[in-house]
Amino acid sequence: MLEHYMQQGSSFASQIDGLVWMIFLMTTFWFLLVEGILFWLLWRFRARPGHKAVYLDDHAEHAFEVKWIEIPHRVILLCDVAVIIGAITVWSEVKLSAPAPDEVVRVVAQQWAWTFTHAGRDGKLDTADDIVTIDELHVQVGKTYSYELGAKDVLHSFSIPVFRLKQDAIPGRVITGWFKPTIVGEFDVQCAEICGIGHGIMPARLYVETPEAHAAWIANPTHYLAYKF
Amino acid sequence: MVTARPSLVVMALVASVASGCASELPSDGVARGEALFKNCVQCHGAEAEGSTLMNAPAIAGLPQWYVAAQVTNFQTGLRGAHADDTEGLKMRPMSRTLKSASDVSLVAEYVSKLPVKRGEATLAGDAAKGQAAFATCSACHGADGSGNEAMKAPPIRQLNDWYVVSQLRKFKGGVRAYDPADTSGATMKAMAGAIPDEAAMRDLAAYIHSLPL
């Protein structure tokens with residue numbers, strides 16, 4: 001359902017969507033049920049000619065309280081448990097465990113630009129053939145990437161909506177994470193943490209390429225983001 | 001009971017629409033340049049006097065041709081697109097908020113008409129030593145540092161001393177004028193490459209800062 005509005009472009013995107021979807025369904029169910037009951041009660045016990053409005057008072061029968069308060073309360077607690085289990089499962093698979101990366105990419109955020117350091121032909125960072133780009137990240141579909149995320153100045157947040165990836169970048173810290181692109185295409189990278197007056201104008205582009213196209217780019221890395229009026 | 005009078009509601013609507021219109025940019029001229037300049041104020045200051053805290057130089061009074069050329073360079077990536085140019089990378093997206101060459105020209109014109117501001121000296125350099133080295137600079141920038149448009153050399157006498165050093169460092173290190181298409185920058189890159197060290201840069205900045213405006 002969510003993929004109808006935003007493609008799922010990473011190996012864990014469907015898990016995150018599933019969790020969001022589960023929470024959405026549960027909260028929608030309870031919202032509609034509770035509001036429905038509320039308005040039904042208001043209508044059912046309303047004041048009308050010959051009848052005063054009826055209110056629940058402190059002397060309600062115990063059975064009444066069990067039916068309308070205790071049972072729903074316990075069912076909601078069960079829903080909470082389901083959400084917690086789902087959230088911890090996804091968190092564990094996406095954040096706590098990381099598969100061995102095929103390649104590492106370095107991401108540095110600053111006001112108001114992204115610097116990406118790609119490993120180059122040798123597949124290793126901090127070597128002579130590293131490829132540094134501004135506001136442009138190139139990756140190969142199907143490859144597992146680890147990222148080293150830093151920030152030069154203030155808080156930023158590395159967000160790739162199509163991957164369902166969002167990670168704060170904090171000055172003075174290098175935060176690691178991973179992703180595995182699953183679809184080829186050109187997508188948005190954005191900052192998801194207000195970082196100053198230029199926060200809204202620091203987008204970058206993600207290029208997920210086939211192995212052949214990626215190899216061609218590595219061999220001849222061009223910057224696509226030429227500015228035009 | 002409080003009731004809204006229709007006339008007041010209409011007035012409120014008219015006022016809100018009018019205020020919305022008032023926030024529209026003027027269509028042309030100096031007023032448009034001034035309005036566009038408001039995007040620059042956050043870093044460069046209300047009078048374009050610059051800010052050491054924001055690493056933004058004083059730009060008030062710089063000639064229109066130079067400001068327009070540099071903004072265009074930022075837009076096209078000839079300047080400010082090097083990974084080590086932290087300040088340039090900040091200016092790059094801001095320059096791109098100007099959506100036409102005429103807007104660039106109007107902002108540049110507005111900036112050029114602002115009274116020149118020169119910040120306080122912030123570095124300890126030897127102006128006497130700097131004066132000797134400045135002979136090379138004077139070939140393009142003039143003996144008085146007033147610049148020469150024919151040589152595409154801007155006036156430099158009003159620049160903040162810290163900015164002079166930071167730009168010389170960037171030119172020398174290839175962080176500025178990294179693209180061969182930046183021909184005037186390439187000249188400056190070669191000149192900066194001949195400056196032996198940071199101390200010599202500070203000496204130059206001290207001398208430049210001592211030049212009369």
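This is a predicted model, so every value here is computed, not measured. Chain naming here is simple, since letters A, B, ... match the order of the sequence lines and numbering starts at 1 in each.
- I134(A) has its side chain within reach of R92(B): a pair of non-hydrogen atoms, C-beta onward, lies under 4.5 Å apart.
- Other residues, nucleotides and ligands contribute more than 12 heavy atoms inside 6.0 Å of the CZ atom of R48(A).
- Contacts between Q111(A) and chain B at a heavy-atom distance below 4.5 Å involve backbone atoms as well as side-chain atoms.
- The environment of NZ in K143(A) is crowded: more than 12 heavy-atom neighbours from other residues, nucleotides or ligands sit within 6.0 Å.
- Once rounded to the nearest 0.5 Å, the distance linking CG of N39(B) with CD1 of I197(A) reads 6.0 Å.
- More than 12 heavy atoms of other residues, nucleotides or ligands shown are found within 6.0 angstrom of CD on E35(A).
- In terms of heavy-atom proximity, Q110(A) sits nearest to K90(B) at NE2-N, 3.9 Å.
- More than 12 heavy atoms of other residues, nucleotides or ligands lie within 6.0 Å of CH2 in W30(A), so this atom counts as buried by the packing criterion.
- Under a cut-off of 6.0 angstrom, the local environment of NZ in K180(A) is sparse, with at most 12 non-hydrogen atoms contributed by other residues, nucleotides or ligands.
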For this session: Go through the steps for T86(B) and K152(A) under the test side chain to side chain contact (heavy atoms under 4.5 Å, CB included), then give the verdict.
Result: CA-CA 8 Å; T86(B) 303; K152(A) 281 186 186 175; 3.0 Å; yes
